[in-house]
There are 2 protein chains.
Amino acid sequence: MNAARQNGRPSGRVPLYRQVEAELLRRIRAGTLKPGERLPTEPELAAEWGVNRLTIRQAIGELARAGHVTVRQGSGTHVAAEQLTVEYALPTLASADADVGSATAMPIPGQEDQTETLVEVSEQDAFPAAQEALGLSEPLLRVDTLVEAGGQPLLMSSYWLHAERFPGFAGHLADRIAPLEVLREHYGVNLRHAWRALTATLASSADATLLDIVPGSPVMFREGANVDEQRVPTLYLQRRIRGDRIKFTMNYSTA
Amino acid sequence: MNAARQNGRPSGRVPLYRQVEAELLRRIRAGTLKPGERLPTEPELAAEWGVNRLTIRQAIGELARAGHVTVRQGSGTHVAAEQLTVEYALPTLASADADVGSATAMPIPGQEDQTETLVEVSEQDAFPAAQEALGLSEPLLRVDTLVEAGGQPLLMSSYWLHAERFPGFAGHLADRIAPLEVLREHYGVNLRHAWRALTATLASSADATLLDIVPGSPVMFREGANVDEQRVPTLYLQRRIRGDRIKFTMNYSTA
DNA sequence: ATGAATTTGTCCGTATGTATA
DNA sequence: CTATACATACGGACAAATTCA
């Protein structure tokens with residue numbers, strides 16, 4: 001029983017787990033704990049500070065959500081690798097085609113080793129947001145993809161469209177995933193942006209599994225719709241972008 | 001000791017606190033728990049499910065970070081009020097002055113009841129990000145402001161500049177807060193955008209206090225720098241925008 | 001390939017502090 | 001001032017995933 005703290009509350013105003021969190025973050029930033037290095041185990045850290053393991057877990061949980069460490073059961077807790085912040089340079093900001101995280105083939109320009117893989121094609125359930133955006137009450141075809149770079153997920157993308165209007169759409173996905181290209185090449189339909197929205201949310205359990213992050217991690221949530229030549233809403237899409245890996249940047253300096 | 005679950009692991013594959021979280025969210029979405037309504041206390045919920053209070057707290061913690069409920073010590077846990085998501089319409093996307101969350105006087109166009117108040121003017125500590133952006137190693141003047149609308153915080157803004165270059169700067173803030181206007185009117189310096197960056201992060205304790213949210217809530221983090229006519233970096237700024245209240249939207253439909 | 005050891009994940013019980021009504 | 005309700009913290013136990021001999 002340390003005189004400096006008792007059950008229920010420490011002497012100071014800052015909770016113990018916040019103190020531990022701050023100290024660990026200090027060690028990471030100072031390089032005492034290097035990227036990739038494994039932290040001491042939770043019982044060891046608990047012994048070092050003379051606190052309960054749960055207190056350590058609270059501190060590490062915060063660090064994990066913020067992306068400073070990665071925690072894996074059975075393996076341990078490691079300092080997160082140097083986050084190569086992918087700079088997304090907006091070419092001019094003037095063209096609607098080149099907006100933030102466009103639905104075109106190259107989600108992140110300049111990142112050459114990126115791959116986009118098909119995760120799932122489904123049609124089962126109602127999805128209100130998509131149905132509202134497309135003005136339809138019927139079930140829609142849903143396509144989920146995952147974009148990775150450097151061996152790690154960058155973002156997950158989902159889009160919805162009316163399957164009956166584009167028969168055999170799913171079959172064309174073997175060649176190319178990008179919906180705009182499939183629609184143009186196989187159906188002669190050219191889509192353009194209707195609207196896009198961007199906000200910050202937290203990763204759900206499902207998001208976290210796919211993106212290989214902890215549930216509750218910050219993600220940029222981007223959604224939007226595209227219309228065809230007759231201005232009929234045809235494509236609704238969502239994108240969840242790892243906040244710890246991607247930073248959109250706009251440079252005006254050289255202009 | 002329920003046969004359906006034992007210490008350490010429930011019978012199913014989904015953790016207890018996830019089940020509780022999902023069920024509470026279901027009640028909120030179904031309207032069984034209405035916005036503003038108070039949830040049963042943690043011990044009551046624990047008794048209802050026959051689980052430990054810690055399990056309830058884990059579930060509620062996730063809901064709080066996601067913005068579905070607000071938790072206040074001594075008061076209770078309430079279903080979050082209907083979040084009037086302030087849509088930030090980007091006028092054209094063409095002009096650099098009208099970019100996302102610009103540093104001008106009206107952070108959120110069309111939101112008339114918004115107020116920007118001065119929180120603090122300080123100079124004490126070193127701030128590496130600002131010093132690097134401005135290419136200075138000296139202490140900088142820091143100005144913190146808070147933008148509110150509908151009686152609730154929308155975003156917090158901080159900017160840094162070299163105090164010695166602009167003597168008496170802090171004194172001018174009584175009239176107007178926006179740095180670009182103060183610099184133009186009192187020093188004849190016209191700044192323009194050098195760069196802007198945008199990503200998603202989690203609210204720190206300090207952020208959370210000011211923004212009236214739970215630490216760990218999602219925020220859009222925006223930073224950038226402005227340069228003067230000689231292209232000298234003069235102003236560095238950060239902005240933390242509540243993800244639960246603000247959604248940036250871009251409309252191309254009528255163009 | 002197998003099994004043991006290691007490490008994190010989940011859950012229970014209890015106690016006390018602090019903010020709010 | 002008192003009661004209520006959440007915040008923090010301790011201790012113990014077992015499950016599940018990973019690692020490694």
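For clarity, every value in this text was computed on a predicted model and none was experimentally measured. Here is the naming used below: chain letters follow the sequence lines, and residue numbers restart at 1 for every chain.
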Q. Rounding to a whole Å, what distance do you find between B:Leu54:CG and D:dG11:P?
A. 16 Å
**Q.** Nearest-nucleotide comparison on DNA chain C, the residue closer to the 5′ end among B:Gln58 and B:Arg53
**A.** B:Gln58
Q. Within less than 4.0 Å of OP1 or OP2 of D:dA5, is there a side-chain N or O belonging to B:Thr77?
A. no
(Q) For a quick test of reading the model: is some side-chain N or O of B:Tyr17 closer than 4.0 Å to OP1 or OP2 of C:dC11? (A) no
Q. CD of A:Gln19 versus P of D:dT8: gap in Å, rounded?
A. 12 Å
Q. Could you state the CD-P distance from A:Glu42 to D:dG12, rounded to the nearest angstrom?
A. 17 Å
Q. Between A:Ile60 (CD1) and C:dT7 (P), how many Å, whole number?
A. 13 Å
Q. Hey, are B:Asn52 and B:Thr55 close enough side-chain-wise for a donor-acceptor pair under 3.5 Å?
A. no
Q: Just call it for A:Arg38: base, sugar-phosphate, or nothing, with non-hydrogen atoms closer than 4.0 Å on any strand.
A: sugar-phosphate
Q. From the list C:dT8, D:dG11, D:dC6, which nucleotide is the closest neighbour of the side chain of A:Asn52?
A. D:dG11
(Q) Is it true that, when you exclude B:Glu132 itself, more than 12 heavy atoms of the residues, nucleotides or ligands shown sit nearer than 6.0 Å to its CD? (A) no
Q. Are B:Leu237 and B:Arg196 close enough that some pair of their side-chain heavy atoms sits under 4.5 Å apart?
A. yes
(Q) Please report the distance, rounded to the nearest Å, between CD1 in A:Ile56 and C1' in C:dG9. (A) 16 Å
Q. Any side-chain heavy-atom pair from A:Glu21 and A:His68 closer than 4.5 angstrom?
A. no
Q) Taking only side-chain nitrogens and oxygens of A:Arg72, does any of them come within less than 4.0 Å of OP1 or OP2 of D:dT18? A) no
Q) What is the distance from CZ of B:Arg18 to C1' of C:dC11, rounded to the nearest Å? A) 15 Å
Q) When you check the phosphate oxygens OP1 and OP2 of C:dA19, does a side-chain N or O of B:Ser75 lie under 4.0 Å from one of them? A) no
Q) What's the CZ-P distance between B:Arg57 and C:dG13, to the nearest Å? A) 17 Å
Q) What is the ring orientation for A:Tyr236 with A:Trp160, classed by angle as parallel under 30°, tilted 30 to 60°, or perpendicular over 60°? A) tilted
